[in-house]
J.: 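Here's a structure for you.
By convention in this document, chain letters (A, B, ...) are assigned in the order of the sequence lines, proteins followed by strands, and residues within each chain are numbered from 1. Since the structure is predicted, the reported quantities are computational estimates derived from the model, not experimental observations.
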Amino acid sequence: MDLPDAGPLWLSLRLAFITTAILLVAGTALAWWLAGTRSRLKPLVEAVTALPLVLPPTVLGFYLLVVLSPNGPVGRLWLDATGTTLTFSFAGIVIGSVFYSLPFAVQPLQATFETIGRGPMEAAAMLRATPFDAFVSVMSPMALRGYLTAAVLTFAHTIGEFGVVLMVGGSIPGRTKVISIAIYEHVETIDYAAAHVLSAGLLVFSFLVLVFVYAMNRRFPGHRG
Amino acid sequence: MDLPDAGPLWLSLRLAFITTAILLVAGTALAWWLAGTRSRLKPLVEAVTALPLVLPPTVLGFYLLVVLSPNGPVGRLWLDATGTTLTFSFAGIVIGSVFYSLPFAVQPLQATFETIGRGPMEAAAMLRATPFDAFVSVMSPMALRGYLTAAVLTFAHTIGEFGVVLMVGGSIPGRTKVISIAIYEHVETIDYAAAHVLSAGLLVFSFLVLVFVYAMNRRFPGHRG
Amino acid sequence: MLTIDIRRRFAGFHLEVAHAFPLGGITALFGPSGCGKSTLLRVIAGLDAGAEGSVRFGGEAWQEGRRRLAPHRRGVGYVFQEARLFPHLDVAGNLRYAERRARAVPGRAFGFDDVVSALDLGPLLARRTGALSGGERQRVSIGRTLLARPRLMLMDEPLAALDMRRKAGILPHIARLPEVFGVPVIYVTHAIDEVTQLADRMVVLSDGRKTAEGPVDDVLARLDLPPATGRFEAGAVAEARILGHDRGWNLTRLEVGGQVLEMPEVDLPEGTVVRLRVRARDVSLATERPRGVSIRNILEATVLEIAAEAQTAFAEILISVGGVRLRARLTRASVADLGLTPGSAVFALIKSVSFDRRALVPAGTGEADGEGTGPGTGHP
Amino acid sequence: MLTIDIRRRFAGFHLEVAHAFPLGGITALFGPSGCGKSTLLRVIAGLDAGAEGSVRFGGEAWQEGRRRLAPHRRGVGYVFQEARLFPHLDVAGNLRYAERRARAVPGRAFGFDDVVSALDLGPLLARRTGALSGGERQRVSIGRTLLARPRLMLMDEPLAALDMRRKAGILPHIARLPEVFGVPVIYVTHAIDEVTQLADRMVVLSDGRKTAEGPVDDVLARLDLPPATGRFEAGAVAEARILGHDRGWNLTRLEVGGQVLEMPEVDLPEGTVVRLRVRARDVSLATERPRGVSIRNILEATVLEIAAEAQTAFAEILISVGGVRLRARLTRASVADLGLTPGSAVFALIKSVSFDRRALVPAGTGEADGEGTGPGTGHP
Amino acid sequence: ETALVAVAANFAGVAEELSEVYGGESGNTVTLTIGSTGKLFAQIGEGAPFNAMLSADAATPEKLEAAGETVPGQRFTYAVGRLALWSPDETRIGADGKAALTDAGLRHVAIANPDLAPYGAAAKQALQGLGLWDGLQDKIVMGQNIGQTHSMVASGAAELGFVALSALLDPENPAGGARWEVPQDLYAPIRQDAVLLKAGEGNAAAEGFLAFLRSPQAQDVIRSYGYAVE
Ligand SMILES: Nc1ncnc2c1ncn2[C@@H]1O[C@H](COP(=O)(O)OP(=O)(O)OP(=O)(O)O)[C@@H](O)[C@H]1O
Ligand SMILES: Nc1ncnc2c1ncn2[C@@H]1O[C@H](COP(=O)(O)OP(=O)(O)OP(=O)(O)O)[C@@H](O)[C@H]1O
Ligand code: MOO
Ligand SMILES: [Mg+2]
Ligand SMILES: [Mg+2]
């Protein structure tokens, strides 16, 4: 057997890193708003953030495809702005992944923010920290465990997910064919040996990454009792 | 158009309820152990609980199929014990869902337990509460937000997921053909109208459930700063 | 006896204490911030997994080496320094939580309502714990612990957040715990007035070591303790018998060492024997009986001992009033001016108003070991 | 001036206070637990979103109706009742956090090391905040707030968790804040001794309303305040001039109302004018000059006023010592026995040892409005 | 020149070999993207950049043509799939496949979803032809495509399954066990059609590859995988 092509793995890692990065930032904003708001809209927004999970990935991918394609509103804008289509492009699968993994980032962050409460932010404000400064320098390190959870769930889920990415991205080698699609295709085309190798590699690699992350978290503990 | 068959929806709801219930219990045990342990194994176990996410669902389903089939170790035991196969049964897709959604339950719970710390448990012990009692009567209500997150992620993900369920369950109408598979089939067979109806129904239904859950959570707030 | 012999090592701090706490009355654990008081309580409660040594409660081994009896089986109550109310329950919920888990104490019922009224918790019952002031939180915490009917109460600076009036309202209840519940109390504080008002005995910790122990007044009177420990509050305790009351002037007459002493009226029947705390700084001495002074208590006494404190203005004089030992704190200059020496006959002048409500020491619930006798004991 | 006129309504509690705090010196906010002290501080700091009314700091409008200036722009420092250290930083990290965000105060540098040594934080610097004792936590919190160089310090019972010696070590630093930093302090406490030692003025809150305000001794002397407010500590403050020291006996002689008084030696030069607190309960009266008593201070005085307290043993007598007003607390019985009436000539007997270190009142840092003059002001 | 060609999963292995051969001969590069037929249809409708499509059926290319997504007149059948009943357990299937299907110890038969997959429709027809369809209802489990169906059997979870003969004959990776090639009269031919998509108009690589598929050289390869050709 040949050595499997490393391309899909790099693509997956890029996708997962970018998706995780975007979601940690955007998810933070949304989670922070949700944790602090007294708006009557809060339960509605909370429900909406969980909705992407409810649809089967392929089906969600289908709707995203419709929205992002040049016939759709978003795809049209993108095409006019960049001259390229959003569907079947790396940018497109990033958007798909971000949308689909949104709950994995928002929910743990919100839960952590709410559990920590406003006390530390108040203390920081009394030391002249602006809300943004206080958030960055106090709230987020205290919420480290929540960030870890959000990052791990988002990252792992983006690595493993393929329904949305396949639909929106079209499995184009080098552009949108990520490792999960590659493995999926090996199984579908009954090339089990290749599937085993890739799966084992992916599992071992992910395991090592995760162990490293968790071990670091243990060495620099955040807020513990 | 006919009214869509309600069978897959009930099946999905049953599956999601049972999976969520099992995971809230089992996930609690695991998350509690992880939050409290000083074992050197902790980062390893933490990494392992996130691993199911890394594999594409269909591929994970394939491996589960191997393990759960009568030729596999678990399936053999089950067959000997019950006379029925685990694969292509409701029990089998429950196991598959539980396994796949494990991280969605364990991670938010662990994060919440760690953020709360041991103080409240100590206080309860000083009021003669056994560890179990203290956990049930103090820790878990304080961790309400974490449970909510775990339940919503698990429930929604189980409703929407179909790769694992499809593989392990074999899409048997009335037994293992859940709503996500039904919607998927409509999309694949280019019956978009039916897919839209089912998707819209599922979204609206899920949205209402989620809004209700979040609104309740707001009316009976747990621990807020 | 609660017998401990424990070690706990943190980076930069080492606690090593052996002590036997009688299971009766109130023992104050006193010492400066950071000396290890809370740590010691945690070890006794079984909350510190890192401690070594032995903790024995009567016949029960609570800790032997690193083997520990689970905290919830020890039946100790713990009022934490930071209250630790359950945020998901309202105030009533917190109290009921404890009540439901209490062990019945036959005979000596002390119910929810009693605790609520004693601690004035009524207006707070429906409150979320997040909506309590600092002092309110602490009162709820005390009430909650009481309702669990512990066999041993550990209290970690429970009154630090309370104002003087509330303190005064709660102190008597704490003082009566050993009597009412047969529950011994170990009471951590750095407030010497709480020690003098509450405790029968005290243990002084300093930097992780026990530096003094014994009856409160003996310890407070020790000359080798650092002055900040409470020299200002030091004094002696005299046994006194109530002779009668003067309702018109709101005074109570007592007999001390065969002589009569007056203090603001207390509500105790004639003949009661009480322990009266007399602060050294409230005692003046005279070589002739003064006349026409507002000071009502002028007792004949003999100087037993004089300890001048070098580098300070002060001297401490041990006197005998008909065999009862009292202390007087004077300036060294006065000692010289009056020519006091051991053996001098003097008059001790004690202002009646110097007896505030702290003056009466709860008549110690006996240092007898409470094992098996107290109503709260006898279950695991 | 910090001028507030605010309302805050909770279910079951209603705070409504209008007051003008001079921006200089230390104002004690005093009142029983639950009276609204912390709530008032939170409103001043801008942390309470539900308050209505106005808060004006000098020329700046901090709150007008429900429009509020963001808390972090107010430049107030807040020592919280529960410390609120940042758990993800060690002690040094907590201090540096504040230091980095401080506004430079030209001329009056007061660095990290000064704070560390003043509060004895050196041994704690590398500690996790979770590994601090209750008192240690509070010291770090005070240090952190100082290092942020606030324009106004709000302190919520900062010393409740500290022992007497540590308290004594820190109090002078707090007392000097207004001088050293030009930073006014509003100091919440229920401990009357902290009020008497620290504060120039006090505001008494009771159940959400301001019930008294003014210089500390005036307030404490008011007869209409509930006795628990600190009657026991009440007294009068007399202006006194240091005449000289008796190094041999460690005594200092002062002139009060043209007469001489002795107290334990204080380290102040001859001629200094000080304010001396004399507790009413430490003053006895006599109709003839006693002889041969250890009480060294026997001052000629005239009775001005007698207030008997019904239902109690006590009476409070206002006397004049050469024009200086002092208070004496006697039993009503003694007043009758000595036949005291306004105008009686008496001798006031004051034990020298009754002057502890609390006796000298910091020479008030001037009630002048500090706006624009203090180094900490002038930025938004 | 390069072309992006969408291929139905069941033909992916053959297509790979063919694209290599074609690439070597023509100098053009053909990149394959694999998908289920339904998904590919949706993607093409939304502007997927595929130049050509090798469908698993005949109906989808027809629909694409009707929708105007193809270069008209280029549709042709590149392979005819054949159905096999397969078990990894050699003893499961004897000479008569029907006997294996009526064995009392049989718990599950896997087929592809007849609504989604041509091989599934064929399997259904075959079972109906054998008169077993109604009787086996309890035992039938379905994959969404022929690949999943194959996995269900390969894992041992289903004792028997109707799979693509091509998957069993893969020269690199021949399947063991026992098989029964379903008589072709039991099901309508599984015609797999190819079309040139609009995006492939004028793309020499795509047009060339489709032409190559019809060459005898390519047809030999296709046959070697167990497909028939027309
Ligand atoms: N987990 C820990 N790790 C390291 N040092 C600790 C830990 N817990 C406590 N200490 C240190 O041990 C010493 C004793 O702490 P302890 O809390 O027992 O003091 P304390 O006497 O209760 O003081 P306070 O009156 O201020 O509450 C302190 O110096 C504290 O910093
Ligand atoms: N969020 C809230 N909701 C309802 N009531 C509240 C809330 N916060 C405070 N209170 C009530 O307001 C009153 C004043 O509280 P505050 O914390 O200001 O008291 P405090 O004077 O600081 O008391 P302490 O000395 O005990 O800290 C208390 O009765 C308290 O229970
Ligand atoms: O290749 Mo198919 O679409 O599973 O018959
Ligand atoms: Mg402590
Ligand atoms: Mg308060």
J.: Quick check: closest heavy atoms across A/Pro131 and D/His72, and the distance to 0.1 Å?
T.: CD-CE1, 3.1 Å

J.: Closest approach of A/Ala123 and D/Phe86, non-hydrogen atoms and distance?
T.: CB-CE2, 3.9 Å

J.: Go through D/Glu82, D/Arg42, D/Arg144, D/Arg84 and name the one with the most non-hydrogen pairs under 4.5 angstrom from chain A.
T.: D/Arg84

J.: Grab the two heavy atoms, one from D/Tyr97 and one from A/Ala134, that are nearest each other, plus how far apart they are.
T.: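 Shortest heavy-atom separation between D/Tyr97 and A/Ala134 comes out as OH-CA, 4.0 Å.
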
J.: Does atom CZ of D/Phe10 have more than 12 heavy-atom neighbours, drawn from other residues, nucleotides or ligands, at distances under 6.0 Å?
T.: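 Check passes, neighbour count above 12.
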
J.: How about A/Met126 and D/Phe80: do any of their side-chain heavy atoms sit closer than 4.5 Å?
T.: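 Yes. Closest side-chain heavy atoms under 4.5 Å.
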
J.: Taking all atoms of both residues into account, what is the closest heavy-atom pair of D/Thr145 and A/Leu127, and its distance?
T.: CA-CD2, 4.1 Å

J.: Check each atom of D/Arg100 against the heavy atoms of chain A and say whether the ones under 4.5 Å are side chain, backbone, both or neither.
T.: neither

J.: Test of understanding: with salt bridge (Lys or Arg N to Asp or Glu O under 4.0 Å), list the residues that count as partners of D/Arg9, not counting sequence neighbours.
T.: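 Expected list: none.
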
J.: Quick one: are D/Leu47 and A/Arg118 in side-chain contact, heavy atoms under 4.5 Å?
T.: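 Of all side-chain heavy-atom pairs linking A/Arg118 with D/Leu47, none is under 4.5 Å.
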
J.: Side-chain contact, heavy-atom cut-off 4.5 Å: A/Val138 with D/His88?
T.: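 A side-chain contact exists here, since the closest heavy-atom pair is under 4.5 Å.
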
J.: Are D/Arg101 and A/Ser137 close enough that some pair of their side-chain heavy atoms sits under 4.5 Å apart?
T.: yes

